[in-house]
Every structure is written in C-alpha cells, then in structure tokens.
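Below, chains carry the letters A, B, ... as their sequence lines are ordered, and counting in each starts from 1.
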There are 2 protein chains.
Amino acid sequence: MLISTIPDPAEPATLPLEEQTYRRLRQALVEGVFAPGDKLSIRRIAEALGTSPMPARTALRRLAAEQAVDVMPSGTAVVPRLTREAFQEMAAIRAALEPLAIRLAAPRLGAPTLQRLQAMLDEHAAARASGQPEYFLRVDRDFLFALYRAAEAPTLIGMIEALWLRRGPLFWEARWVLMARPAEAAHRHGQILDALRRGDGEAAARELEGEITDATSFLLAEMRFAGDPAPAGLAALAGKRGASRPPRPLQRRAF
Amino acid sequence: MLISTIPDPAEPATLPLEEQTYRRLRQALVEGVFAPGDKLSIRRIAEALGTSPMPARTALRRLAAEQAVDVMPSGTAVVPRLTREAFQEMAAIRAALEPLAIRLAAPRLGAPTLQRLQAMLDEHAAARASGQPEYFLRVDRDFLFALYRAAEAPTLIGMIEALWLRRGPLFWEARWVLMARPAEAAHRHGQILDALRRGDGEAAARELEGEITDATSFLLAEMRFAGDPAPAGLAALAGKRGASRPPRPLQRRAF
DNA sequence: AGGACGGTATCGTGATCACAAAATGACGGC
DNA sequence: GCCGTCATTTTGTGATCACGATACCGTCCT
C-alpha cells in the first residue's frame with residue numbers, strides 16, 4: 001500500500017501526532033482504502049506517515065479497542081474480515097441502536113435541520129443517478145448521521161460510528177452490489193423524513209429498522225463473506241484467496 | 001491511592017505487560033477502586049505497577065477508547081463523572097441492547113444453562129439477605145452476563161460490557177442505595193428466568209427492559225450526579241467538593 | 001510437484017531519554 | 001482575607017534502542 005492512499009490530514013499541525021495518525025487511519029478504514037484481511041504493521045504505518053512507531057502504535061491500539069481492526073496474537077493489526085454471523089449480529093445491533101437514535105432525535109428536530117435533511121435527500125437522488133457508488137454511499141451515510149447527531153447523545157453516536165467503522169471495508173467491496181438495489185428501497189429515507197416532519201418519531205424509527213433489515217438480507221444474499229465456500233468453477237482460477245476483486249494493485253501487502 | 005488497592009493479577013507472567021496493566025485497571029474500575037473524578041496519571045500507574053510508563057500509557061489509552069475513562073485535553077486520564085443526562089442516555093442504550101441479547105440468547109438456552117442461572121438466582125437472594133452490597137451487586141451482574149453470554153454475540157457483549165464498565169464507579173457509590181430498593185424489584189430476575197424456561201424470549205426481554213427502566217428512574221431520584229446542585233445546608237460543611245463520601249482515605253490524589 | 005525445513009528480515013514490546021506543555025504551590029499585592 | 005502571578009515540579013508525547021518472537025521465502029528433501 002502506497003503512502004498516497006492514506007487520506008491527507010489537512011489539519012493544523014497543532015494536534016498530537018497520535019491523533020492525526022488515528023484520524024487518517026480511521027478515515028482510510030471507512031473509505032475502504034484497505035481491504036479486509038490487510039495487515040497494518042506499526043512500523044510500516046509509521047514510515048508511511050513519516051513518524052516514529054510510537055504514534056502509530058497508539059493509534060492502532062485505539063482502533064483495536066473500538067473493534068475497528070482486529071489484532072492477531074502476534075500483535076499485528078489486521079482489517080477485519082466479517083463472517084456471515086458477525087455481519088448478522090452487527091445488523092441486529094444496528095436495528096436496535098439506530099432507531100433509538102431517531103426516536104431521541106425526533107423531538108429535537110427544528111425546521112432548519114429538517115430542511116438540511118431534505119437537501120441531503122435531494123443530493124441522494126442525484127448521487128444515485130450519477131452512478132458513482134462512492135458518492136452515493138457517502139451521501140447515504142451523511143443523511144443518517146446528520147439525523148443521529150440531532151439526538152445529541154454522544155455515547156450512542158460513538159457506538160453507532162464504531163459499528164459503521166467496522167463495516168467500512170465490507171461496504172466498499174459491496175458498493176456496486178448496493179447500487180443495484182431496487183430503487184424502491186432508497187425511498188425509505190424519504191419516508192423517514194416524512195414521518196419526522198409529522199413529528200412521528202416512532203414511525204420513522206420503525207421505517208429505519210425495516211430498512212436495516214432489508215438491506216441486511218439483501219447483502220446476505222448477494223455478497224460473499226469470510227468463511228463462505230468459494231464458487232466452484234472459479235476457485236481453481238482465482239486461487240485459494242477466493243476473492244476476485246479486480247482493480248486493486250498487485251502485491252497489496254498493506255503497509 | 002495506594003498500590004495495594006489495585007487488584008492483583010494472578011496471571012501467569014506470560015501475558016504482555018500492557019495486557020496485565022489493562023486488566024488490572026479495568027477490574028479496579030468495575031470494582032470501584034477509583035472514585036469518579038480521580039486522575040490516573042501514566043507515570044504514577046507505571047510506578048505503582050513497577051513497569052515503565054509505556055504499558056501504562058497503552059492500557060490507559062485503550063480504556064479511553066472504550067470510554068471507560070475520559071481523557072482531559074492535557075492528556076491525563078480521569079475516571080468519568082456521569083452527569084444526569086449521560087446516565088439517562090446510557091440507560092436508554094442499555095434498554096435497547098440488553099433485551100436484544102436476551103432475545104438472541106433465548107433459543108440457545110439448554111437445560112444446564114437454565115440450571116446454572118437458577119443457582120445464581122438463589123445466590124442472589126442469599127446475597128441480598130447478607131446485607132453486603134458488593135456481594136449483592138456482583139451476583140446481580142454475574143446472572144445477567146451469564147445470560148448475555150449465551151447469546152454468543154461477541155460484539156454485542158463487548159458493547160454491553162463497555163457500558164457497565166463506564167457505570168462501574170457510579171454503581172459503587174450507589175451500592176447502599178441500590179440495596180435499599182424494594183425487594184419486589186429483585187424478583188424481576190426470577191420472572192425473566194421463568195419466561196426463558198417457557199421459551200418466551202420476548203417476554204423475558206420486555207421484563208428486562210422494564211427492570212432497566214425502573215432501576216434507572218430509581219437511581220435518578222435517589223442519587224446525586226455530576227453537575228447537580230449541592231444540598232444547601234451541607235454545602236458549607238462539606239466544602240465545595242460537594243460530595244460527602246466518608247470512608248475514603250484523605251489526600252486521594254489517585255495515582 | 002508438493003510439502004517440510006531453516007535462515008533472514010521484520011515485527012511488536014518495553015525501557016529510556018529529551019522536550020514542551022500543563023498543573024501545582026508559594027509568594028506578594030490588592 | 002482573597003486573588004493574581006511566577007517558579008518549580010510533574011505530566012504526556014514522541015524518538016530511539018535492544019530484545020525476543022514471528023512471519024516470510026527460498027531451498028531441499030521426499
């Protein structure tokens with residue numbers, strides 16, 4: 001993995017190096033710079049970022065503590081490969097937590113926030129039409145998190161972010177599959193916003209729960225997960241790595 | 001805070017020092033060795049544990065990442081003081097997550113597990129009768145976590161543990177108040193177990209949700225939180241620290 | 001040709017040090 | 001008597017180093 005793949009900080013150099021390292025790695029994770037299974041070595045990251053191993057170590061351990069990366073018994077961090085069971089479990093947690101965020105947010109939504117959400121929804125449609133999955137997914141995410149943030153529940157938001165962080169690498173792989181979802185599913189966000197405009201947080205929460213459930217079963221059907229058997233005919237061609245993701249540079253030893 | 005207050009590891013020295021440090025601090029946190037507001041200095045902890053500052057730093061940052069401690073802008077870790085709002089938010093999250101764990105666990109409960117849970121329930125009654133709040137709280141916690149663990153949902157359990165970890169110091173302060181709760185509330189665990197024996201996970205989950213809600217409003221009414229106004233008459237006597245916790249050693253500069 | 005083996009490069013851990021920022025405590029002035 | 005100010009101490013950060021363990025890769029044997 002090349003240095004240039006790590007998103008630039010654009011931060012004033014006043015923040016501690018550890019914080020900068022943490023943020024860059026975290027953003028790289030959600031943006032799918034790393035593929036599941038990539039190994040993140042302390043020394044390589046430090047070298048890539050031009051620091052000593054120390055800030056990289058701290059940042060990596062911090063990500064490990066929030067489950068954003070796994071850590072092998074040797075101590076090396078690795079981008080998590082989600083199994084089918086783990087993905088299902090996370091979906092169940094999301095289905096409990098994110099509707100709760102909406103319920104908490106509902107009574108706090110003022111006209112300006114509702115307008116901002118509507119604007120994001122319009123952009124959502126544009127993003128879908130654009131055919132650029134990364135744009136589409138980002139807008140999708142921004143809409144939901146703008147909503148969650150209105151709940152003013154920092155602990156809850158932190159937990160939801162941790163879940164999305166862990167899902168990041170998989171979502172990147174799933175981006176084309178996700179755009180192929182029937183457009184009807186995308187209108188859910190509109191219905192959520194409608195319900196919120198009526199002041200019916202409960203309906204909005206139920207709508208979101210349905211959306212999470214549907215998207216999950218869609219992905220469970222359409223995606224391959226860690227531990228899935230390789231498709232018979234292709235296995236011999238692709239090698240035991242199993243995945244045939246085309247556009248990544250060869251020799252991806254991560255850092 | 002004296003060295004001897006940190007629980008002993010009883011671990012084979014084969015684990016990395018950072019892991020040992022982390023576990024000891026974590027246990028100290030749930031056991032209420034530290035009071036909310038205590039400052040946990042890297043160097044002091046390292047000295048108390050006879051290591052270099054490095055493992056202490058890593059362990060502390062790990063605890064910070066899971067919200068078990070807060071970290072001041074200067075970088076010093078501090079045992080969190082829960083505000084009323086934060087406590088309420090955490091209760092709402094618990095009310096979403098822990099019933100989910102029960103729902104997931106319900107279909108997986110076999111006869112041996114149910115028996116073990118019943119045994120813990122009996123011990124629960126004994127603990128209540130004993131009048132020792134620490135014993136009482138520990139058994140209470142063990143019963144619930146034994147149940148949650150049956151869900152075999154590691155991510156979910158990790159999140160629930162993180163919530164309890166954050167609540168630890170407050171619960172320690174609340175231990176006498178909690179034992180004073182009407183005994184009727186304690187029978188809820190029995191009703192949960194009954195529902196699970198009938199295979200009705202849904203009823204058990206609702207029961208737990210009610211228990212969490214009730215315990216929360218009880219504590220909100222009975223306890224004082226960070227940011228609460230000091231009781232008028234006592235303020236002059238107790239000084240501006242506000243709290244009158246009697247049995248702690250003076251000059252508690254933490255580590 | 002496939003699998004086991006051994007050597008080498010790399011890895012994570014933890015100690016020590018230098019430095020700058022922050023907290024602490026005492027002193028003097030209002 | 002109370003508050004602001006300054007010097008001292010303590011704090012966290014990050015770099016560097018040594019050490020033991022691990023993983024990787026080419027080679028050899030079967």
Atom pair distance, as rounded to whole Å: [atom1] in [X] and [atom2] in [N]:
| X | N | atom1 | atom2 | value |
| --- | --- | --- | --- | --- |
| A:Tyr22 | D:dT13 | OH | P | 15 Å |
| A:Leu15 | D:dG14 | CG | C1' | 15 Å |
| A:Glu19 | D:dT13 | CD | C1' | 13 Å |
| A:Leu49 | D:dT13 | CG | P | 18 Å |
| A:Leu17 | C:dA21 | CG | P | 14 Å |
| A:Arg57 | D:dA15 | CZ | P | 12 Å |
| A:Arg43 | D:dA18 | CZ | C1' | 10 Å |
| B:Lys39 | D:dG12 | NZ | P | 10 Å |

Is any side-chain nitrogen or oxygen of [X] closer than 4.0 Å to OP1 or OP2 of [N]?
| X | N | result |
| --- | --- | --- |
| A:Thr58 | D:dT13 | no |
| B:Ser52 | C:dT16 | no |
| B:Arg61 | D:dG12 | no |

Sidechain N-carboxylate O distance under 4.0 Å for [X], [Y]:
| X | Y | answer |
| --- | --- | --- |
| B:Glu18 | B:Arg62 | yes |
| A:Arg166 | A:Asp70 | yes |
| A:Glu19 | A:Arg26 | no |

Could you tell me whether a side-chain N or O of B:Glu98 sits under 3.5 Å from a main-chain N or O of B:Ile160, the two making a donor and an acceptor?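 Checked: no pair found.
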Do the ring planes of B:Phe87 and B:Phe225 sit parallel (below 30°), tilted (30 to 60°) or perpendicular (above 60°)?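 Tilted, since the angle between the ring planes falls between 30° and 60°.
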For A:Thr216 versus A:Ala91, what's the shortest heavy-atom pair and its separation?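 Looks like OG1-CB, 3.3 Å.
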Which nucleotide sits closest to the side chain of A:Pro16: D:dT13, C:dT16, D:dG12?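 That would be D:dT13.
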When you match A:Met54 and A:Leu60 each to their closest nucleotide on DNA chain C, which lands nearer the 5' end?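 Taking each residue's closest nucleotide, the earlier one in sequence belongs to A:Leu60.
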Sub-4.5 Å side-chain heavy-atom contact between A:Ile42 and A:Arg61: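 Yes; the side chains approach each other to less than 4.5 Å.
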Positions of residues 71-78 of chain B (non-hydrogen atom under 4.0 Å from DNA chain C), listed by number: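 Listed by number, they are B:Ser74.
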